Amino acid sequence: MEDPLLNFLVKFQNLVAKNVSITHLGVENVKSICALDIAYKGNIGYAVAVYFDGNKYEHYVFAGEVNFPYIPTFLFMREAPLMMKALEKYQDQCQLTLVDGHGLAHPRRSGIATVIGVLLNIPTIGVAKSRLFGEEVREGEETYIVVNGEKVGVKRGKYYFSIGNKVDLVDVITLSRLGYPEALKLADKISKEAKGKR
DNA sequence: GCGACAG
DNA sequence: ATCTTGTCGC
């Protein structure tokens with residue numbers, strides 16, 4: 001890591017990881033959730049925050065320029081800024097926020113879901129479509145994602161669910177059993193529509 | 001050196 | 001993530 005900026009970002013991630021709070025939220029009793037995703041059209045990113053109160057879905061789009069490149073393990077630099085702006089709309093209304101990407105299933109326990117959760121001090125869970133880091137350990141019916149001997153999430157079907165912040169493994173497992181979150185599907189769909197019509 | 005590598 | 005038609009498979 002001789003690049004000064006990446007060297008700096010690694011220190012930032014280590015600090016974020018040190019401030020993660022792993023506590024039980026009780027996903028089964030959560031009444032409102034938010035979901036974050038983003039789509040691009042050239043260097044313009046369209047971040048979407050979907051809000052679901054258990055009855056109706058709402059959403060908010062925040063578009064802006066994105067110039068930081070995609071570098072594995074540093075995804076948050078490219079997507080977190082716009083996602084956090086989109087989330088401002090519902091931030092104090094949702095009890096749990098789902099982020100497209102990993103949480104603690106990251107080399108430095110600092111995936112985008114964890115970064116957003118720690119910076120905003122809110123409960124988050126990361127839901128990714130493919131693997132980044134951690135070994136997959138099967139124990140009966142569950143396939144855990146293990147990082148440095150610590151179970152940080154589970155793999156369910158083709159998806160990876162991991163602790164972001166202010167939730168615990170039980171919460172992550174409970175959420176994963178409900179299948180891929182509808183709110184995330186909506187966020188993905190809406191972000192693609194947003195960049196489409198331009 | 002080689003392979004892996006969220007979106 | 002994005003570029004993109006048809007096509008193989010559950």
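A note on names: the letters A, B, ... follow the listed sequences, proteins ahead of strands, and every chain is numbered from 1. What you see is a predicted model; the values in this text were computed from it and never measured.
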| task | Calculate the interatomic distance between Glu135(A) atom CD and dA4(B) atom C1'; express it in whole Å. | result | 15 Å
| note | Leu132(A) atom CG is separated from dA1(C) atom C1', nearest whole Å, by 15 Å
| Has Lys195(A) got a side-chain N or O lying under 4.0 Å from the OP1 or OP2 atom of dA1(C)? | no
| Under the 3.5 angstrom rule, does the side chain of His106(A) hit a backbone N or O of Thr73(A) as a donor-acceptor pair? | yes
| Under 3.5 Å, side chain of Thr97(A) to main-chain N/O of Cys34(A), donor-acceptor pair present? | no
| Side chains of Thr114(A) and Arg109(A): do they bring a donor and an acceptor to under 3.5 Å? | no
| note | Atom NE2 of His106(A) and atom C1' of dA6(B) are separated, to the nearest Å, by 9 Å
| Is it true that Lys192(A) and Asp37(A) have a side-chain N and a carboxylate O under 4.0 angstrom from each other? | no
| Leu75(A) CG to dA4(B) P: how many Å, rounded? | 21 Å
| query | Got Leu96(A) and Val27(A) here, is their nearest side-chain heavy-atom distance under 4.5 Å? | reply | yes
| Do the numbers put Arg78(A) on top of the ring of Tyr40(A), so that NZ or CZ is under 6.0 Å from the six-membered ring centre and no more than 45° off the axis? | yes
| query | Quick one: Asp188(A) CG to dT2(C) C1', roughly how many Å, whole number? | reply | 13 Å
| said: Counting only side-chain nitrogens and oxygens, does Arg78(A) get under 4.0 Å of the OP1 or OP2 atom of dA1(C)? | reply: no
| said: Show me, range against range, the stems involving DNA chain B, built from at least 3 consecutive Watson-Crick or G-U pairs below 3.5 Å. | reply: none
| query | Between Tyr70(A) and dA1(C), do the rings stack, that is, sit under 5.5 Å apart with planes less than 30° off each other? | reply | no
| said: Treating Ser176(A) as the side-chain partner and Arg156(A) as the backbone partner, does any N or O pair qualify as donor plus acceptor under 3.5 Å? | reply: no
| Centroid separation Phe12(A) to Phe76(A) less than 6.0 Å | yes
| Given Watson-Crick or G-U pairs with both distances under 3.5 Å, what dot-bracket string fits DNA chain C, with | for other-strand pairs and [ ] for crossing? | ..........
| query | Any side-chain N or O of Thr73(A) under 4.0 Å from OP1/OP2 of dA6(B)? | reply | no
| query | For every nucleotide of nucleotides 4-10 of chain C, 5' to 3': is a protein heavy atom under 4.0 Å from its base (B), only from its sugar-phosphate (S), or from neither (-)? | reply | -------
| message | Output the rounded distance in Å from CG (Asn67(A)) to C1' (dA1(C)). | response | 15 Å
| said: Between C1' on dT2(C) and CD on Glu79(A), what's the gap in Å once rounded to a whole number? | reply: 12 Å
| Base, sugar-phosphate, or nothing for Ala39(A), non-hydrogen atoms under 4.0 angstrom? | sugar-phosphate
| How is Ile112(A) classified with respect to the nucleic acid when contacts are heavy atoms under 4.0 Å: base, sugar-phosphate, or nothing? | base
| Over how many whole Å does the gap from Ile190(A) atom CD1 to dA1(C) atom C1' extend? | 18 Å
| Salt-bridge contact Lys89(A)-Glu58(A) (side-chain N to carboxylate O under 4.0 Å) | no
| Tyr40(A) near the nucleic acid: base, sugar-phosphate alone, or nothing, with a heavy-atom cut-off under 4.0 Å? | sugar-phosphate
| How about Glu88(A) and Tyr60(A): does a side-chain donor come under 3.5 Å of a side-chain acceptor? | no
| said: Between Glu139(A) and Lys151(A), does any side-chain N to carboxylate O distance fall below 4.0 Å? | reply: yes
| query | Across the strands shown, which category fits Phe74(A) at heavy-atom distances under 4.0 angstrom: base, sugar-phosphate, nothing? | reply | base
| Under 3.5 Å, side chain of Asn19(A) to main-chain N/O of Leu15(A), donor-acceptor pair present? | yes
